[in-house]
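Only one structure is covered here, and it is reproduced in the block below.
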Amino acid sequence: MKYRAIITTVITLILSDAAVSSSVHERGGPAELFATGVENYRNEDYREALVNWMELYDAGYDNHDLLYNIGNAWFQMDNIAMAILFYERALLRRPFSDEARENLEIAGSHIRVRFTEVPPPFFRRWTDTSALILSSDNWALISLALFLLALTSAMVALFLKKRGWRMVLFPAALFMIAASSITLLLSRHNRNLVYNSRYAVVTETLVTGRSSPSETGRELFILHEGIKVKREETLGEWTEIILPDGNRGWVPRDSMESL
Amino acid sequence: MQHYSTYIAIRRLLRGVLLFAAFIPYALASGQEISFTVNYPRVVAVGETFQVVYTVNRSGGDFSAPSFDNFYRISGPHISYSQSTRIVDGRRSSEISYSYTYRLQAMEEGKYTIAAATFERNDKVYRSEELSIEVVPDQEGRTDIRGEEGRRDATGARDGDIFIRVEPQKSRVWVGEPFVVEVNIYSRIDISGISEIQYPSFTGFMREDLETPALRSLERVNIDGTIYGRGTLQRFMLYPQMSGEIEIEPVRLTVQVRERAPVSDPFFGDIFRSFSSVPRAVKGEGVTITVLPLPGGSPDRFRGSVGDFTIEARADRDTLSVNEAVTLRVRLSGRGNLRMAEAPDIAFPETIEAYDPQVNIDRAEAATGLTRGVKSFEYLLIPRQSGDFQIPAINYHFFEPESGTYRTVTQAPINIHVRRGTGDEERPSHSDFTRAEDMRYLGRDIRYIRTSTGSLSVQRDLLVSKRGFYSLYGVAALAFIIVVVVRREKIKRDSDRVRLINRKAGGVARSRLKSAFNALQNDETDRFYEEILKALWGYIGDKFNIPVSELTGEKINSVLVSANVEVDLTDRLRRVVDRCEMARYASVEPVAEAKSLYSETAEIIRDLEKRLN
C-alpha cells in the first residue's frame, strides 16, 4: 500500500501538476475533517457531519468510506435520493461492500415504486465487476508494470544462451503483454463506470417522463426521487433515460444527479 | 313556584333519606353531619313578596336570623318541622328537618347582601351562606312570574316570553380544546312541560353529553331589567375537530304553556277557571364559535392533546422475580381533552413483556362541566429475564391553550430490578427443540458509518486519462527496441568475425603444419612439436570460438562431443596431443616417429575439416 502510494505519487508528479485543496488543509487535513464528521454523526448532528464530509468530497477526496458515510448522513436527514446516490457511488469504489449494499437496499425500500429489473447480460456484469475490483489507477499501474515486466523478460530471454529459458520467457512475455492490455482496458472501463457513469439517480420529488424532448410530449410515466436510471442521449435541456425495467422516456436534464 | 319548591324539598328529603340509608352504619357510628342551607330567589322586583327559607337537619339549637335590612319583613319566622323515618334491613333511621321561613318584600332597586344566619348547637356555630339578592324595577307592563298569586294569564303570551340560548363557556377556542356549552331556556311565563327537543348536530365538534340535573325549577335571573326564569336543558362538552368560524345551529323545542281556558260560566267562571296546556314551538338562537387552528411546529410525538397536564408514572414495585408481574401506572392528570388523550409512547425494554394498557378516565367533576380529571394507563409488565432494567423517560406533549404553545411534561426513568427466578424458567431448554423460536429481530436500520478510513487522498486526474501515462509505454517499448537492435547488431558483427575465423581455421592449421614440416627438415624437434600443437589447438579454438588460453584437454573433448565428432577421431586427436606433449618434455622421439605424427596430424585436421564444415 505504501509502495503503491509512493509509486502513484512519483508517477503523478511526473505526469501532472496537482493542486491540493487549501480549505481542507486549513482545517487540519482530510483525516481530521473526516474524524470531525464522525464525531458529529455520533452526536446525532447529521447536518454538521454532512457539511464536513461534503467539504472533503467537494475538494476531491474520494474513497468508499467517505461516500458511504455521506450516504448515511443523507439517510438520517431523510433525503433518500441523495443517500441512494452516495451508496451507489460507494459501491462503485468497492463493489463488494456489504454495508453499502445493505444500506442501499434499506434506502431502496423507502422508494415508493418498484421495478422488475432487467439484469444486464452476464458478460457485462462480469466485466463491470472485475473492472471495479481495483481502482482505475491501480489497474493502470498493474498494466504498466506488466508491460515493463514483459519487456524485461523478453530482453532477458534474448541475452540468455540457453534455449530452455528462452522457451519459458518468451511465451511469458507475450502473456504479460496480453495481460497488460487487458488490465489497461479494465482501467479505462473502471474510469468509464466510476467517473463517466451513464447512470443517474432522480433527485426531484416527481418527474414526468415524456415521449419527446419537449413539454408537449406525451406523458409516459412519473418518476419518484431515488430511482436509478440510465442516461442515453442529451438534447438541450432534456435527457433520454432508460428505466430499470427497460422503458425509455425524456426527462428534464437537471432532474437527476449522475453517479 | 312555591308548591314547586315544597315539592322539591320533599323530594330532596326523600332522596336524602334513601342516600342516607345506604350510609346508616357509618351515620350511626360517626354522628350525622349538620347541614344548614338556605333557599331564596336571586332576583326580585320592587314590591314583590318573596320567601327566604333556612333549613337545618338537627333540633335543639339556637337559630338566629340576620337583620333583613333594605327589605320589609312581612312575616316570619314560621317554623316548620318534618321527620321521616326509614327502616332498611331492620335498621331504623330518621331524619328531621327544621325550616325557618321569612316572607320579605323588596323595597328599592339595587343589589343587596344579607349576612349569614347562624345556628348554634353544643357550642358549635354553623353558618348559612350569605344571601345576595338583586332587586329590579317593577315588572309592570313587562309581565312577571311572581309566583302563585301573580301568575300571569298566558293567553296573551308574546314573542320574547320564552327563548332558548346556546351558551358556550367561551367563543374562541383552539382545535381540540374542550369547552362546555349549555342549552338554557329563559321564560317569563309558566311552563308545564318541554318536549321534542331538537339539539343541534354540532357539526365540526365531537360532542359529549354531560350529566345535567333534570329541570325542575327555573332560577330567576335578571335580563335587561326583566326577570326571567332560567333553566338548563342540557350541557355538552364539545371538542372542536376543525378550525374556522363554526356555527352551532339553534335548538328547537316545543313547550307546554299553561293557558287559561276561555270563560264559559258567567257566574262562577271566574272562580273555577280551568287551565289547559297548549303546545308552542320555540326556536332558539344559534351561536358562532371561532375555532383557531393549532400553530405549527408541533413536536413529533404530539397526538392532539390540548390542555394542561402533568404526568406521573409509578411501578407498584421495583424489585421482583423473573416472570412475575409488575403494574406500571401512568397517570395523566390535568385539564383538557382527556377523553381523546392517547397513551404516551413508552419504549419498554425488549426483555420485558408489556401488555396493552388498561385505560381509565376518572373525571369526578365532569358533571360540573370542568374538564379536569385523571386518565390512567395501567400497563401489565412481565420481565422475562433477570437484570436491572430501566423504563425510559416518558415524554408527553400537549398544547396549552392559554399560552398558545406546545409543552412537554416528562416522567423520569423508572428502574426495575429483576431477580433471577427460582426455577429454570429463564434458561432456554435445550432438549425441547419444539420450543425453540426463530430469532426475532426488533427492527431494521441502516448500518453504522465507518468511523475510520484508510488514506484519504485527492483523486487527481486518472492515469488512463493522461497522455503522459501512455507515453510511458511508448518510452519503455522504444527502449526495448533500441536495446534489441543494438544487441542484434553486435551479435551480427560477432558472428561474422567467428565465421571468418572458422573459414580460415583450416588454412591457418595447414600453414602451421607447413612450418612444422620445415622445422622437422631443419631438425628443430622442439619447434616441430610446438607447431603441431599450435596447429591443433588453434584450429579447434578458431572453429569453436574459444580463446586459446581456455583450451584444455577436457574442454576440447566436451566441445568435440557436443559437435558430434566420432569418438574414434577424438581419441586419435588426444593421442597425437599426448605424444606431442611427451616428446616436447622428453625429446626422445625419433625422426621417423615425428614424420608419422606429422601425417597423422594432417589427417586429423583433414577429417575434422570434413566433419565440421
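Numbers restart at 1 for each chain; the letters A, B, ... are given by sequence-line order, proteins then strands.
Put simply, the side chain of A:Leu184 reaches to within 4.5 Å of the side chain of B:Phe469, judged on heavy atoms. Considering only heavy atoms from C-beta on, B:Arg447 stays 4.5 Å or farther from A:Asn72 through its side chain.
The contact between A:Ser143 and chain B is made by backbone and side chain atoms together, counting heavy-atom distances below 4.5 Å. A:Leu56 touches chain B through its side chain: at least one heavy atom from C-beta onward sits under 4.5 Å away, while N, CA, C and O do not. With a 4.5 Å cut-off on non-hydrogen atoms, A:Leu158 touches chain B through its backbone and its side chain both. For A:Glu39, no part lies under 4.5 angstrom from a heavy atom of chain B. Both the backbone and the side chain of A:Ala154 come within less than 4.5 Å of a heavy atom of chain B. At a 4.5 Å heavy-atom cutoff, the contact between B:Ser465 and chain A is made by backbone and side-chain atoms alike.
In terms of heavy-atom proximity, B:Val464 sits nearest to A:Ser187 at CG1-OG, 2.6 Å.
Distance CG/B:Leu463 to CZ/A:Arg188: 12.5 Å, rounded to 0.5 Å. Summarising the geometry, atom OG1 belonging to B:Thr453 is positioned 5.0 Å from atom CZ belonging to A:Phe34; distances are rounded to the nearest 0.5 Å. One finds the CD1 atom of B:Ile449 at 9.5 Å from the CG atom of A:Asn40 (value rounded to the nearest 0.5 Å).
Formation of a donor-acceptor pair under 3.5 Å by the B:Tyr473 side chain with backbone atoms of A:Leu144 is found in this model. Looking at A:Asp137, its side chain never comes within 3.5 Å of a backbone N or O of B:Leu462 through a donor-acceptor pair. In this structure, A:Asn69 contributes its side chain and B:Arg450 its backbone to a donor-acceptor pair below 3.5 Å.
Under the 30°/60° scheme for interplanar angles, the aromatic rings of B:Tyr448 and A:Tyr41 are found to stand perpendicular.
Contacts with chain B were tallied for A:Ala35, A:Gly60, A:Gly71, A:Ala100; A:Gly60 has the most, counting heavy-atom pairs under 4.5 Å. Most heavy-atom pairs under 4.5 Å with chain B, from the set A:Val38, A:Thr152, A:Leu151: that is A:Leu151.
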Report the C-alpha distance between B:Ile446 and A:Tyr87 in whole Å, list the side-chain angles of each, state the deciding distance to 0.1 Å, and finish with yes or no for side-chain contact (heavy atoms from CB on, under 4.5 Å).
-> CA-CA 11 Å; B:Ile446 53 167; A:Tyr87 289 143; 3.9 Å; yes
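Sparse packing is recorded around CE of A:Met167, with 12 or fewer heavy atoms of other residues, nucleotides or ligands lying under 6.0 Å away. Around CZ of A:Arg101, the count of heavy atoms belonging to other residues, nucleotides or ligands within 6.0 Å does not exceed 12. For A:Phe175, the CZ atom counts as loosely surrounded, since its 6.0 Å shell holds 12 or fewer non-hydrogen atoms of other residues, nucleotides or ligands. Annotation: A:Arg42, atom CZ; neighbour count of heavy atoms from other residues, nucleotides and ligands within 6.0 Å does not exceed 12.
Contacts between residues 482-492 of chain B and chain A, counted as heavy-atom pairs separated by less than 4.5 Å, involve B:Val483, B:Val484, B:Arg487.
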